[in-house]
Amino acid sequence: MFDIGVNLTSPQFSRDRDEVVARAQAAGVTGMLFTGTNLHESEQARQLAHRYTRCWSTAGVHPHDSSSWTAAVADSIFQLARQPEVIAIGECGLDFNRNFSTPREQEAAFSAQLALAAELSMPVFLHCRDAHERFLTLLTPWLDKLPGAVLHCFTGTREEMRACVNHGLYIGITGWVCDERRGLELRALLPDIPAERLLIETDAPYLLPRDLSPKPASRRNEPVYLPHILASIAGWRGEEAQRLEEIADTNVRTLFGIRF
């Protein structure tokens with residue numbers, strides 16, 4: 001069972017990272033991908049991936065941090081991506097919900113990272129919020145130059161999901177579907193996601209599943225809860241959890257080219 005989205009560089013894990021990883025592994029999480037969201041955190045994520053067994057990382061600049069994108073940052077990300085622990089470029093994409101960086105800055109950083117991934121022949125780890133049409137417009141010309149792509153933490157509509165799948169993207173699903181307030185639309189479209197395009201993630205420390213019982217004392221999410229998310233998704237899809245785990249793990253190996 002592989003968690004494709006863990007923000008282990010978060011300060012929320014600063015006091016107990018070893019314990020967080022150990023708990024996840026004891027719960028059956030056999031591999032994890034640590035997310036890089038800017039140059040500093042991408043380097044931190046790589047170091048953590050080197051520290052723990054069956055763990056890897058991404059290297060990239062999140063749309064929120066796109067204003068930091070420079071030629072020097074691009075060169076550093078390029079060099080970082082050549083390290084064996086780094087298996088994808090990202091988290092990159094567009095986020096027009098908050099616009100912490102301007103849309104122009106986001107589009108420039110996104111396009112530059114797609115070009116970098118194409119040059120390195122690496123998959124991309126993608127983010128899209130309130131920017132679906134523009135996101136696909138910028139991404140589509142690069143897809144035949146990339147080995148693969150996953151839209152992580154998908155929370156869009158059925159139509160957006162189908163458009164992404166039709167473009168060959170993998171869809172990352174988090175514990176958002178366990179939220180009875182915000183996740184019902186996503187929960188309803190789960191059966192429509194082709195199994196060969198589905199990946200599972202926690203996005204820890206964010207998006208703690210709201211239906212955990214008993215409820216944790218802390219609101220911090222951890223990769224230890226990945227089995228709960230996977231079982232919930234399998235149930236709503238009408239599938240056996242073990243079978244879905246096998247398919248999702250195969251998808252991870254296909255997309256990222258790793259063994260775990």
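The shortest side-chain heavy-atom distance between Leu198 and Ile247 does not fall under the 4.5 Å cut-off. In this structure, Arg162 and Asp192 have side chains that are in contact, with non-hydrogen atoms separated by less than 4.5 Å. Annotation: side chain of Cys178 is in contact with side chain of His228 (closest heavy-atom distance under 4.5 Å). When side chains are defined from C-beta on, Cys153 does not count as touching His127, because their heavy atoms never get closer than 4.5 Å. Residues Phe256 and Leu33 are in side-chain contact: their nearest non-hydrogen atoms beyond the backbone lie under 4.5 Å apart. Here the side chains of Val21 and Leu48 are not in contact, with every heavy-atom distance at 4.5 Å or above. Residues Ser42 and Thr37 form no side-chain contact, since every pair of their non-hydrogen atoms from C-beta on lies 4.5 Å or further apart. Residues Phe110 and Ser66 form no side-chain contact, since every pair of their non-hydrogen atoms from C-beta on lies 4.5 Å or further apart.
Evaluation of the salt bridge (charged side-chain N to carboxylate O under 4.0 Å, His left out) rule for Arg181 yields Asp179 as partners, not counting sequence neighbours. Residues satisfying the salt bridge (charged side-chain N to carboxylate O under 4.0 Å, His left out) test with Glu159, not counting sequence neighbours, are none. Looking at residues two or more places apart in sequence or on another chain, you find no salt bridge (charged side-chain N to carboxylate O under 4.0 Å, His left out) involving Asp75. Listed by chain and residue number, nothing satisfies the side chain to side chain donor-acceptor pair (under 3.5 Å) test with Arg253 (two or more places apart in sequence, or in another chain). For Thr137, the side-chain contact (heavy atoms from CB on, under 4.5 Å) partners at least two apart in sequence or on another chain are Arg134.
When all heavy atoms of Ile77 and Ala59 are compared, the pair lying nearest together is CG2-O, 3.9 Å. Contact between Ser101 and Asp65 at its shortest, heavy atoms only, is OG-C, 3.7 Å. Shown here for Ser68 and Val61, the closest heavy-atom pair between the two residues is OG-CG1, 4.0 Å. Of all the heavy atoms in Arg220 and Leu208, the pair that sits closest is O-CD1, 3.8 Å. Taking both residues in full, the closest heavy atoms of Thr30 and Arg54 are given as O-NE, 3.0 Å, listed atom of the first, atom of the second, then distance. The shortest heavy-atom contact between Ala188 and Arg158 is O-NH2, 3.7 Å.
A donor-acceptor pair under 3.5 Å is absent between the side-chain atoms of Arg197 and the main chain of Ile171, judged by distance alone. In this structure, Glu105 contributes its side chain and Thr102 its backbone to a donor-acceptor pair below 3.5 Å. Using a distance-only test at 3.5 Å, with no hydrogens or angles considered, no donor-acceptor pair links the side chain of Ser10 to the main chain of Phe13. Checked by atom type and distance alone, the side chain of Glu245 never pairs as donor or acceptor with a backbone atom of Ala241 at under 3.5 Å. Using modelled atom types, one side-chain atom of Arg17 and one backbone atom of Leu8 make a donor-acceptor pair closer than 3.5 Å. In this structure, Arg237 contributes its side chain and Ile193 its backbone to a donor-acceptor pair below 3.5 Å.
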* Under the side chain to side chain contact (heavy atoms under 4.5 Å, CB included) rule, what do Leu151 and Phe135 come out as? Steps first, then yes or no, please. => CA-CA 11 Å; Leu151 180 51; Phe135 170 81; 4.1 Å; yes
* To do: Decide yes or no on salt bridge (charged side-chain N to carboxylate O under 4.0 Å, His left out) for Glu43 and Arg46, but give the supporting numbers first.
  => CA-CA 5 Å; Glu43 175 55 35; Arg46 187 205 65 80; 3.3 Å; yes
* To do: Determine, stepwise, if the pair Thr9 / Phe34 fulfils side chain to side chain contact (heavy atoms under 4.5 Å, CB included).
  => CA-CA 8 Å; Thr9 63; Phe34 302 148; 5.8 Å; no
* For the pair Trp176 and Arg182, evaluate side chain to side chain contact (heavy atoms under 4.5 Å, CB included) and give the outcome as yes or no after the intermediate values. => CA-CA 7 Å; Trp176 180 281; Arg182 302 181 298 172; 3.6 Å; yes
* Give the C-alpha distance, both sets of side-chain angles, the deciding distance and a yes or no for side chain to side chain contact (heavy atoms under 4.5 Å, CB included) between Met32 and Tyr52. => CA-CA 9 Å; Met32 287 177 272; Tyr52 302 112; over 6 Å; no
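Inspection of the Thr202 and Asp3 side chains reveals an N or O donor paired with an N or O acceptor under 3.5 Å. Counting only N and O atoms by type, the side chains of Asp95 and His62 include no donor and acceptor under 3.5 Å apart.
Here Phe2 contributes atom CZ and Thr250 contributes atom OG1; the two are 13.0 Å apart, rounded to the nearest 0.5 Å. Atom OG in Ser111 sits 8.0 Å away from atom CH2 in Trp142 (nearest 0.5 Å). Atom CD of Gln47 is separated from atom CD of Gln83 by 10.5 Å, given to the nearest 0.5 angstrom. Note that CG of Asp16 and OG of Ser14 are 8.0 Å apart. Values are rounded to the nearest 0.5 Å. Annotation: the span from Ile87 atom CD1 to Cys55 atom SG amounts to 10.0 Å, rounded to 0.5 Å.
Linking Ile, Leu, Val, Met, Phe, Trp and Tyr whenever their side-chain heavy atoms come within less than 4.5 Å puts Leu114 and Val73 in one cluster. Leu169 and Ile173 fall within the same hydrophobic cluster, defined by Ile, Leu, Val, Met, Phe, Trp and Tyr side-chain heavy atoms under 4.5 Å apart, directly or through other members. A single hydrophobic cluster is seen to contain both Tyr170 and Val252, as judged by linkage of ILVMFWY side chains at heavy-atom distances under 4.5 Å, directly or through other members. With hydrophobic clusters built from ILVMFWY side chains whose heavy atoms lie under 4.5 angstrom apart, Leu116 shares a cluster with Leu138. Cluster membership for Met161 and Leu207, using ILVMFWY side-chain heavy atoms within less than 4.5 angstrom, is shared.
Counting only residues at least two apart or on different chains, the ring pair (Phe, Tyr, Trp, His ring centres under 6.0 Å) pairs with a member in residues 144-165 are Phe125-His152.
For the pairing with Asp203, the side-chain hydrogen bond (donor to acceptor under 3.5 Å, both in side chains) check across Thr35, Asn7, Asn221, Thr174 returns one residue only, Asn7.
Counting non-hydrogen atoms of other residues, nucleotides and ligands closer than 6.0 Å to CD of Glu246 gives a total above 12. The environment of Glu196 atom CD is dense: over 12 non-hydrogen atoms of other residues, nucleotides or ligands sit within 6.0 angstrom. Annotation for Glu133: atom CD does not count as buried by contact number, only 12 or fewer foreign heavy atoms lying within 6.0 Å.
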